[in-house]
Amino acid sequence: MKKLMSIKNLQKYFPVKKNNFFQIGTEYVKANKDISVDIYEGETLGIVGESGCGKSTFGRTIIQLQRQTGGSTLYYGDTIEDFMPDYVQTVYRNLPKISGDYDQDLNTIEKMEEELETLDAAEKEAHFETLRLKKIEFDNTYGNTLRLVGGLVAHDNLKQVSSILLNRYDAASTLAEYKRNLEFEQQKQKMKAAYNQEEIDRLTEELQTAEKNLNEENAKVEELKAPLRGMTKFERFERYLDEGIDLAALTKKETRLLRKDLQIIFQDPYSSLDPRLTVGDIIGEGLLIHKFFKSKRDPGYQAYIVDIMEKCGLKAEFIHRYPHQFSGGQRQRIGIARALAVQPKFIVCDEAVSALDVSIQSQIINLLLDLREKNNLTYLFITHDLGVVRYISDRIGVMYFGHLVELGSAQEIFNNPKHPYTKQLLNAIPTMEEDEDALWDVEEEYDDFEFHYSKDGDHDPDWIEVAEDHFVATTLKDREAYYDKRKESSHEFVTS
Ligand SMILES: Nc1ncnc2c1ncn2[C@@H]1O[C@H](COP(=O)(O)OP(=O)(O)OP(=O)(O)O)[C@@H](O)[C@H]1O
């Protein structure tokens, strides 16, 4: 399965207002503390957990509705080559300035890894945490450089590397712009809107020249690499090359452009729709912002909206009505149509059915599943409703105090829960409404794998694969013994 998003060590902290005059420094609500997860194209990843554990924050932060405090969110739905964000240019330009530092830091990390083997159990715990934090810092500092430059950081003339990569950046940007313009004209043609054939012919020709230029620039980059291949330092860094777009490094304008791909459907269909706009205007807003159409008068504009409405189960004649004229379920359909209109790749459904009656809930869930199939969508489905999450999700992530504590297929999470919090959550289904606070009260626990679960999930650095693709956050009581035992077992479990 293709990775659509890769989230590593994500943190989102909110500053809290000072309680009193004497308080020094800023205090934070740590809504997301350190979340790592990959999301695959076409899947529905459900996120469950109690109110306040940071589910909504996670959904909003990964699509950059709010800026993340730390960590990385890489997006693979578009390529760096096609999007060519500004930060790529900055990384290439600054390359000569940071020469050597990443090498030194990586050496330190490797030395710390070796040291780990020589320490006794008590020292090991502290050392392991320092090492983990060092790795995060390394990624925050050099991640983008290594992902974009790879093994070429080993070249002894980084000024030359920088200038050749910058030339390639220019060639790729030009090509990306022609591609975008051509796609725009062709889309109009497809929608039978007024399009300009002369412009299409001109762009097609320009595109061919731009492609040729980019190929030449790519060849120059390959020439730089050729003599380095096989060298330890080159190979060491070449494996960092990565096509993902670092969403947190985008400019505001670029984030707006990508908003087309990354949409959200909110919980409350009453307040998430502008009451002054008609259904047509609500759905059409994104189409105009993202230049699917130049204006509402464009032929094809209205037909496009009606088509989306019908796909979402809304009658065409509703187009001129206002949100208050609809029921909750229908308003949620409007919210879905609005998100779907811009042809997104990824949708965060934040408690999207929680405000609806049970009978309407299942209609909306089935609509979402149907649209996912037809449009190859990927969902992050946030809910506190275990019945809903089990029904809709391929995989489920369980959140607890800002951490992801367990991740696995829906079946594994429900049939074979490992983390004490997950177990408690599942056991609490019938009594959930009676005593919500009790759910937070998870006891420390050692289980038969010699896993230790801390009380607030804050001190469980190991992310262990307990069954195929089923992970749990824990602290291994004896890391070495555990891995030795694993080596002997037939299944190769992956850990990170
Ligand atoms: N914009 C904000 N400013 C300050 N604190 C915030 C903000 N958004 C969320 N928080 C805090 O972050 C924590 C996590 O909130 P979040 O809404 O992500 O949790 P949740 O699991 O989605 O819960 P719910 O289902 O109740 O929305 C809470 O303590 C919340 O008060």
Side-chain angles (χ1 to χ4, degrees), residues 5 7 9-19 23 25-37 39 44-71 73 247-248 252 255 262-272 328 332 335 347-356 361 364-365 379-390 392-393 395-407 413 419 421-422 424-426 428-429 432-442 455-458 473:
M5 229 182 240
I7 297 131
N9 310 111
L10 184 87
Q11 294 172 320
K12 176 66 190 175
Y13 297 175
F14 295 104
V16 187
K17 278 203 189 117
K18 288 192 178 182
N19 288 332
Q23 187 183 315
T26 316
E27 286 185 12
Y28 295 93
V29 175
K30 298 184 175 179
N32 288 169
K33 287 173 183 158
D34 180 359
I35 299 180
S36 299
V37 60
I39 302 174
T44 297
L45 175 64
I47 298 286
V48 278
E50 272 313 281
S51 177
C53 69
K55 305 182 295 294
S56 297
T57 301
F58 178 62
R60 283 162 204 226
T61 307
I62 62 173
I63 60 167
Q64 309 297 314
L65 278 180
Q66 47 201 22
R67 286 289 183 192
Q68 61 200 48
T69 310
T73 307
L247 293 181
K252 277 199 177 126
T255 306
L262 310 170
Q263 286 283 310
I264 184 163
I265 299 167
F266 294 101
Q267 165 175 12
D268 188 354
Y270 296 87
S271 64
S272 62
Q332 199 53 301
I347 304 184
V348 173
C349 305
D350 189 358
E351 301 279 10
V353 296
S354 306
L356 306 175
Q361 262 188 7
I364 298 293
I365 288 173
Y379 293 142
L380 183 82
F381 200 92
I382 296 167
T383 178
H384 63 276
D385 187 326
L386 292 161
V388 168
V389 85
R390 182 177 202 169
I392 197 165
S393 309
R395 287 190 306 153
I396 294 175
V398 182
M399 276 188 71
Y400 179 52
F401 280 124
H403 288 284
L404 194 65
V405 292
E406 191 154 2
L407 175 71
I413 294 292
H419 197 281
Y421 176 68
T422 312
Q424 202 154 317
L425 198 63
L426 298 182
I429 295 176
M432 195 130 84
E433 276 172 17
E434 289 162 30
D435 191 3
E436 286 197 8
D437 285 345
L439 281 173
W440 290 104
D441 229 359
V442 170
K455 206 164 161 47
D456 52 10
D458 270 0

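Order of appearance sets the numbers: ligands from 1, and atoms from 1 within every ligand. All values below come from the heavy atoms of this structure, side chains included, with hydrogens, waters and symmetry mates left out.
When Val48, Val405, Asn32 are each tested for a side chain to side chain contact (heavy atoms under 4.5 Å, CB included) with Met399, only one passes: Asn32.
The side-chain contact (heavy atoms from CB on, under 4.5 Å) search around Thr73 returns Met5, Ile7, Leu10, Ile62, Gln64, Gln68, Leu247, not counting sequence neighbours.
Ring geometry, Tyr421 versus Tyr400: the interplanar angle falls under 30°, so the pair is classed parallel (tilted spans 30 to 60°).
In terms of heavy-atom proximity, Ile39 sits nearest to Arg395 at CA-NH2, 4.1 Å.
Between the Lys12 side chain and the Lys30 main chain, no donor and acceptor come within less than 3.5 Å of each other.
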Check the pair Gln332 / Leu356 against side-chain contact (heavy atoms from CB on, under 4.5 Å), numbers first and verdict last. CA-CA 9 Å; Gln332 199 53 301; Leu356 306 175; 4.2 Å; yes
If you look at each N/O of ligand 1, which protein N/O atoms lie under 3.5 Å away, and at what distance?
| unit_1 | atom_1 | unit_2 | atom_2 | d |
| --- | --- | --- | --- | --- |
| ligand 1 | 18 (O) | Thr57 | N | 2.9 |
| ligand 1 | 18 (O) | Thr57 | OG1 | 2.5 |
| ligand 1 | 19 (O) | Gly54 | N | 3.2 |
| ligand 1 | 21 (O) | Gly52 | N | 3.3 |
| ligand 1 | 21 (O) | Cys53 | N | 3.1 |
| ligand 1 | 21 (O) | Gly54 | N | 3.0 |
| ligand 1 | 21 (O) | Lys55 | N | 3.0 |
| ligand 1 | 21 (O) | Lys55 | NZ | 3.1 |
| ligand 1 | 22 (O) | Ser56 | N | 2.8 |
| ligand 1 | 22 (O) | Ser56 | OG | 2.8 |
| ligand 1 | 23 (O) | Gly52 | N | 2.7 |
| ligand 1 | 26 (O) | Ser51 | OG | 2.5 |

